[in-house]
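Here's the structure, in structure tokens; my notes come after.
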Amino acid sequence: MPIFDYQCSECGKTYDVFHKVREIVDDIECPQCGSKNHKKLMSVPMAAMSSASGRSVSASDDSSGSCCCGGGACGVN
């Protein structure tokens, strides 16, 4: 199922929506304020590649060994 990012036009909250096969966009509500007034955001897909050593390398890897959630807890590293 594709995941899309939306931003509420009323309160500004950003949230993800897991779209089902026949998802009706008019049924999407802000989880914070309940508004149906939103805009779809552009998101960048995350690509993973493999290095010569066979280690998985992703766009968010950095040389310090840390990641966005600290210490690799999210499974990115």
Side-chain angles (χ1 to χ4, degrees):
M1 285 188 284
I3 302 171
F4 294 99
D5 295 327
Y6 289 90
Q7 183 174 30
C8 179
S9 298
E10 302 296 323
C11 70
K13 170 133 176 102
T14 300
Y15 51 95
D16 299 329
V17 175
F18 298 94
H19 279 277
K20 298 175 183 79
V21 176
R22 299 202 190 292
E23 186 79 42
I24 299 171
V25 178
D26 293 338
D27 290 343
I28 297 170
E29 292 182 359
C30 173
Q32 185 165 316
C33 70
S35 172
K36 292 188 177 193
N37 190 9
H38 57 264
K39 64 180 175 181
K40 193 175 186 178
L41 302 176
M42 194 64 109
S43 60
V44 178
M46 184 162 172
M49 301 169 283
S50 120
S51 67
S53 67
R55 179 178 150 323
S56 178
V57 178
S58 72
S60 62
D61 282 352
D62 70 20
S63 60
S64 68
S66 64
C67 76
C68 58
C69 55
C74 64
V76 172
N77 292 340

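We use all heavy atoms of the structure for the numbers below, so side chains are in, but hydrogens, waters and symmetry mates are not.
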For the [atom1] atom of [X] and the [atom2] atom of [Y], what is their distance to the nearest 0.5 Å?
X: Q7; Y: H38; atom1: CD; atom2: NE2; value: 11.5 Å
X: D5; Y: M42; atom1: CG; atom2: CE; value: 11.5 Å
X: E29; Y: C8; atom1: CD; atom2: SG; value: 10.5 Å

Residues two or more places apart in sequence or in another chain: which of them pass side chain to side chain donor-acceptor pair (under 3.5 Å) with N37?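 So N37 forms a side chain to side chain donor-acceptor pair (under 3.5 Å) with E10.
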
I'd like to know whether S35 forms a side-chain contact (heavy atoms from CB on, under 4.5 Å) with S9, so could you lay out the CA-CA distance, the side-chain angles of the two residues, the decisive distance to 0.1 Å, and finally the verdict. CA-CA 8 Å; S35 172; S9 298; 6.0 Å; no

side-chain contact (heavy atoms from CB on, under 4.5 Å) involving K40 - partner list, sequence neighbours excluded: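 K40 satisfies side-chain contact (heavy atoms from CB on, under 4.5 Å) with F4, Y6 once adjacent residues are dropped.
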
Within the 4.5 Å heavy-atom criterion, are I3 and V17 side-chain neighbours or not?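 No; the side chains remain at least 4.5 Å from each other.
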
K13 and P31, any side-chain heavy atoms less than 4.5 Å apart: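 A side-chain contact exists here, since the closest heavy-atom pair is under 4.5 Å.
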
